[in-house]
Amino acid sequence: AHGYLPRRVATYGRTADFNKHDVGGLARLTDAGLDLAYWGIESGSDKVLKSVMKGDSKKLLLRAAGVLQYSTLRISAMIMPGLGGYANYDSHVDDTAEVLSAVQPEFVTFLGINPKGTRYDTRMRAEVEAGTNRPLTRKETAQQMIDIIGRTRFSSRIKLGCFDTNVDKVGLNPLAFGSVEVDCDYL
């Protein structure tokens, strides 16, 4: 008997994974049925990525975007508004928008941070105590999402997602609106 073959296959991909491949390598994966990769970009800012020990840099993210632009692999990018706090607000917005503009994902999902009990939480508390940084308020985090969307140059329709805790059990989103499709002519 013949087994069932899925029509679409999705995976989680890391920046390092994409950078291991050339265009031909990604083509072989998509020819084999890989359709979509969920990519946890989180931020395009070197300052923010370093502060959360992501192991990525803006340069590595842009290199991966360059490989992906010649691929038929669809990308769902995950971005974390509020990451890096107030001291990194502008770099998080500007550099993330630059990376998203290069990637041209089909989907962008915002995952608000819920750092309680993490090393990030400990580090942020120390920065607050030192007077060098603070977490964003819910309103500032929502504004940061709007700023990232507004500064990204999307070339086609984009599906944006920001879910409440009924869907996203980990994140803490200040502005849950579900999933919407946006015509980029209006951005």
Side-chain angles (χ1 to χ4, degrees), residues 10-20 36-65 68 75-103 105 107-152 158-179:
T11 188
Y12 287 93
R14 297 176 314 124
T15 305
D17 296 331
F18 298 128
N19 283 327
K20 286 179 190 174
L36 175 70
Y38 296 97
W39 185 7
I41 293 172
E42 275 75 294
S43 177
S45 166
D46 284 335
K47 290 182 202 176
V48 172
L49 293 168
K50 184 176 181 181
S51 77
V52 298
M53 297 176 278
K54 176 75 173 160
D56 286 341
S57 67
K58 181 176 163 184
K59 181 179 178 179
L60 291 172
L61 292 165
L62 291 172
R63 182 184 304 153
L68 288 165
I75 297 295
S76 178
M78 287 157 293
I79 303 299
M80 296 186 80
L83 202 59
Y86 188 78
N88 297 299
Y89 185 101
D90 291 331
S91 69
H92 185 39
V93 169
D94 294 339
D95 294 337
T96 301
E98 182 180 343
V99 168
L100 287 174
S101 296
V103 172
F107 308 94
V108 174
T109 301
F110 290 100
L111 300 169
I113 57 174
N114 187 4
K116 295 198 184 327
T118 66
R119 288 189 296 181
Y120 178 83
D121 185 37
T122 302
R123 202 168 36 258
M124 182 58 74
R125 288 176 190 268
E127 290 177 18
V128 168
E129 197 171 298
T132 60
N133 201 356
R134 66 170 175 77
L136 298 184
T137 65
R138 290 176 58 83
K139 184 176 180 181
E140 289 167 337
T141 304
Q143 184 60 53
Q144 190 173 60
M145 290 171 21
I146 293 166
D147 291 346
I148 290 169
I149 294 165
R151 292 189 188 149
T152 301
I158 183 80
K159 294 176 186 98
L160 300 171
C162 187
F163 303 98
D164 63 18
T165 54
N166 292 329
V167 174
D168 177 12
K169 303 292 184 201
V170 177
L172 186 61
N173 289 318
L175 180 67
F177 53 78
S179 180

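Counting heavy atoms from C-beta outward, Val103 and Phe18 have side chains that stay 4.5 Å or more apart.
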Check: residues 76-89 side-chain donor-acceptor pairs under 3.5 Å, at least two apart:
unit_1, atom_1, unit_2, atom_2, d
Asn88, ND2, Gly84, O, 2.8
Tyr89, OH, Gln144, N, 3.2
Tyr89, OH, Asp147, OD2, 2.7

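Applying the salt bridge (charged side-chain N to carboxylate O under 4.0 Å, His left out) test to Arg125 and every residue at least two apart in sequence or in another chain returns Asp121. Not counting sequence neighbours, the partners of Lys159 by the salt bridge (charged side-chain N to carboxylate O under 4.0 Å, His left out) test are Glu106. Listed by chain and number, the residues in a salt bridge (charged side-chain N to carboxylate O under 4.0 Å, His left out) with Arg134 are Glu140 (sequence neighbours excluded).
Pairs engaging residues 38-50 under the salt bridge (charged side-chain N to carboxylate O under 4.0 Å, His left out) rule: Glu42-Lys54 [sequence neighbours left out]. Applying the salt bridge (charged side-chain N to carboxylate O under 4.0 Å, His left out) test to pairs two or more places apart or on separate chains, those with a residue in residues 76-103 are Lys58-Asp95, Lys58-Glu98, Asp94-Arg151.
A donor-acceptor pair under 3.5 Å links the side-chain atoms of Thr122 to the main chain of Thr118, judged by distance alone. When atom types are taken as modelled, the side chain of Asn19 and the backbone of Leu60 share a donor-acceptor pair closer than 3.5 angstrom. Checking side-chain atoms of Thr15 against main-chain N and O of Leu61 turns up no donor-acceptor pair under 3.5 Å.
For the residue pair Ser43 and His92, a side-chain donor N or O sits within less than 3.5 Å of a side-chain acceptor on the partner.
Contact record, Phe107 with Ile158: N-CD1, 4.1 Å, taken as the closest heavy-atom pair. Closest approach of Leu100 to Thr152, counting heavy atoms only: CB-CG2, 3.6 Å. Between Gly44 and Val99, the shortest heavy-atom distance links the atoms CA-CG2, 3.9 Å.
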Side chain to side chain contact (heavy atoms under 4.5 Å, CB included) between Thr141 and Phe110, intermediate numbers included:
CA-CA 10 Å; Thr141 304; Phe110 290 100; over 6 Å; no
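Taking CD of Gln143 as the reference point, atom CE of Met145 lies at 10.0 Å (rounded to 0.5 Å). How far OH of Tyr38 is from OG1 of Thr109: 8.5 Å, rounded to the nearest 0.5 Å. Taking CZ of Arg63 as the reference point, atom CG of Asp56 lies at 11.0 Å (rounded to 0.5 Å).
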